[in-house]
Novice: 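Got a structure for you, questions after.
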Amino acid sequence: LGELDGRVLVLDYASDKKPRLLQHHLALNTGQAQWIQGLFIESAPNGFYLSNFVRQFSAYVTSHGFDLKPKNPKDSAQLQQLQKAIHIYGINYVLTPRAIKGLPLLRWVPLRSGKPPYALQRIGASALVEVLGRQPVSVPPEKWQKASALWLNSPTRAVLIKNTQILSTASVNTSANISNLVTDWKDGTVRFSVASTQPVPVLVKVAYFPRWRAIADGKAIPIYPASPALMLVYAKGDVQLKYAWAWCDYLGVALSVGS
């Protein structure tokens, strides 16, 4: 597959006893860390939301292709929800044994020995790290679980964060941009630069865990849980997010690889 600028959704219609075997194989053996399924990803905080999204997406494209102008209002509302999930999770590609009508076909990719190739198609163009064009909506901790669970299927586009108040010194800078993005998933590191003179809300489309730490311009900054289960920082300049691995994380990887 080579390097791809975004996450990949795999639709596997195989009816064998292990329908997700292909996703696990790809995540383990291709060196492409941007799959939305496979290994232990399903057990991560976003696993529930992603599983629901895959089911809804598969049902929609099977019936409609990827029609961007459905005539039925119900189909239009469902498409908007799907597009919201595609953007928020940075899903830019689909791999499927049957090309989806309405999506650009990039190439056919051989995945299974002796089996027909899969269609690699472009579905989005969102970035892994994104400066928000509006302030997120602050949700008190006691209301967070319900609010974040309902957010993905709601019509609102504003991102929610688990916090009691918005950072008073933060601003919204629509001209701010992200550059120098570097990810090292084996090391658990995400680095990037924010072109802004003041801290701005930056959505990092990686699952939130308490062991993530963030530094901006050499100083520790807080990481806020963002809807549905991602991360948000208020930052400017050079930023690094680093995951502090614990023994249980290594055990999870070992069990996933061995299963």
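Residue numbers count from 1 along this sequence.
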Novice: Any idea which heavy atoms bring Asn92 and Gly124 closest together, and the distance?
Specialist: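 Here Asn92 and Gly124 meet closest at OD1-C, 3.2 Å.
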
Novice: Would you say that Thr189 contacts Gln240 through its side chain, given a criterion of any heavy-atom pair below 4.5 Å between the two side chains?
Specialist: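 Yes - at least one pair of side-chain heavy atoms lies under 4.5 Å apart.
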
Novice: Kindly indicate whether the side chain of Val190, heavy atoms from C-beta on, has any atom under 4.5 Å from the side chain of Leu181.
Specialist: yes

Novice: Establish, from distance only, whether the side-chain atoms of Asp67 and Tyr60 form a donor-acceptor pair under 3.5 Å.
Specialist: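 The criterion, which ignores hydrogens and geometry beyond distance, is not satisfied for Tyr60 and Asp67.
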
Novice: Is there a side-chain contact between Leu232 and Ile223 in this structure, where contact means two heavy atoms from C-beta onward sitting under 4.5 Å apart?
Specialist: no

Novice: Establish, yes or no, whether the cationic atom of Lys84 lies under 6.0 Å from the six-membered ring centre of Trp151 and within 45° of the ring axis.
Specialist: yes

Novice: Would you say Trp212 and Met231 make side-chain contact, with heavy atoms under 4.5 Å?
Specialist: yes

Novice: Roughly how far apart are Arg7 CZ and Ser126 OG, rounded to 0.5 Å?
Specialist: 8.5 Å

Novice: Linking I/L/V/M/F/W/Y whenever any side-chain heavy atoms sit under 4.5 Å apart, do Leu105 and Ile123 land together?
Specialist: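 No.
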
Novice: How long is the straight-line distance from CG of Asn153 back to CZ of Phe53, given to the nearest 0.5 Å?
Specialist: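 The CG atom of Asn153 is 11.5 Å from CZ of Phe53, to the nearest 0.5 Å.
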
Novice: Under a 4.5 Å cut-off applied to non-hydrogen side-chain atoms, are Leu95 and Val109 in contact?
Specialist: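 In short, these two side chains touch, coming nearer than 4.5 Å.
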
Novice: For atom CD of Gln83, decide whether the heavy atoms of other residues, nucleotides or ligands shown that lie under 6.0 angstrom number more than 12.
Specialist: yes

Novice: Compare every heavy atom of Ser227 with every heavy atom of Trp144, then report the nearest pair and how far apart it is.
Specialist: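 So the two residues come closest at CH2-N, 3.5 Å.
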
Novice: To the nearest 0.5 Å, what is the distance between NZ (Lys101) and OG1 (Thr62)?
Specialist: 14.0 Å

Novice: Just to verify, which of Val204, Thr183, Leu203 counts as forming a side-chain contact (heavy atoms from CB on, under 4.5 Å) with Leu128?
Specialist: Thr183

Novice: May I have the step-by-step check of side-chain contact (heavy atoms from CB on, under 4.5 Å) for Leu241 and Arg213, ending in yes or no?
Specialist: CA-CA 6 Å; Leu241 276 71; Arg213 302 290 184 267; over 6 Å; no

Novice: Quick one: does Asn180's side chain have a donor or acceptor within less than 3.5 Å of a partner on Phe192's backbone?
Specialist: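 Absent.
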
Novice: For salt bridge (charged side-chain N to carboxylate O under 4.0 Å, His left out), just list the numbers for Asp5 and Arg122, CA-CA rounded to whole Å, side-chain angles, deciding distance to a tenth of an Å, and then say yes or no.
Specialist: CA-CA 10 Å; Asp5 60 335; Arg122 166 76 77 166; 3.4 Å; yes

Novice: Any chance you could measure Leu82, atom CG, to Leu152, atom CG, to the nearest 0.5 Å?
Specialist: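 Here the rounded value is 9.5 Å.
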
Novice: Considering all heavy atoms of both residues, which atom of Ile91 and which atom of Ala85 are nearest to each other, and what is their separation?
Specialist: CD1-O, 4.4 Å

Novice: Which heavy atom of Val139 sits nearest to which heavy atom of Ala147, and what is that distance?
Specialist: CG1-CB, 4.0 Å

Novice: For residues Pro228 and Tyr89, determine if any side-chain heavy atom of one lies less than 4.5 Å from a side-chain heavy atom of the other.
Specialist: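 They are in side-chain contact.
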
Novice: Quick one: CG on Asn72 to CD on Gln78, what's the gap to the nearest 0.5 Å?
Specialist: 10.0 Å

Novice: For Ile215, is there any backbone N or O sitting under 3.5 Å from a side-chain donor or acceptor partner on Lys242?
Specialist: no

Novice: How long is the straight-line distance from OG of Ser51 back to CD of Gln56, given to the nearest 0.5 Å?
Specialist: 11.0 Å

Novice: Only counting residues at least two apart or in another chain, list the ones meeting side-chain hydrogen bond (donor to acceptor under 3.5 Å, both in side chains) with Glu130.
Specialist: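 So Glu130 forms a side-chain hydrogen bond (donor to acceptor under 3.5 Å, both in side chains) with His87, Lys205.
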
Novice: In terms of hydrophobic clusters joined by side-chain contacts under 4.5 Å, are Val10 and Leu106 together?
Specialist: yes

Novice: Which heavy atom of Gly237 sits nearest a heavy atom of Asp217, and at what distance?
Specialist: CA-OD1, 3.5 Å

Novice: Does Leu4 share a hydrophobic cluster with Tyr118, counting links as ILVMFWY side-chain heavy atoms below 4.5 Å and allowing steps through other members?
Specialist: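 Same hydrophobic cluster.
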
Novice: Could you check if a side-chain atom of Leu230 sits within less than 4.5 angstrom of a side-chain atom of Tyr208, using non-hydrogen atoms only?
Specialist: no

Novice: Does Pro104 reach the side chain of Gln121, with side-chain heavy atoms less than 4.5 Å apart?
Specialist: no

Novice: Looking only at heavy atoms, which two atoms of Val200 and Ala176 are closest? And how far apart?
Specialist: CG2-CB, 4.5 Å

Novice: Any chance the side chains of Asp238 and Ser193 put a donor and an acceptor closer than 3.5 Å?
Specialist: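 Result is yes, a qualifying pair exists.
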
Novice: Short question: side chain of Ser196, backbone of Lys236 - any donor-acceptor pair under 3.5 Å?
Specialist: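 No, because the side chain of Ser196 does not come within donor-acceptor range (under 3.5 Å) of the backbone of Lys236.
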
Novice: Step by step, work out the salt bridge (charged side-chain N to carboxylate O under 4.0 Å, His left out) result for Asp184 and Arg191.
Specialist: CA-CA 9 Å; Asp184 186 338; Arg191 295 192 301 271; over 6 Å; no

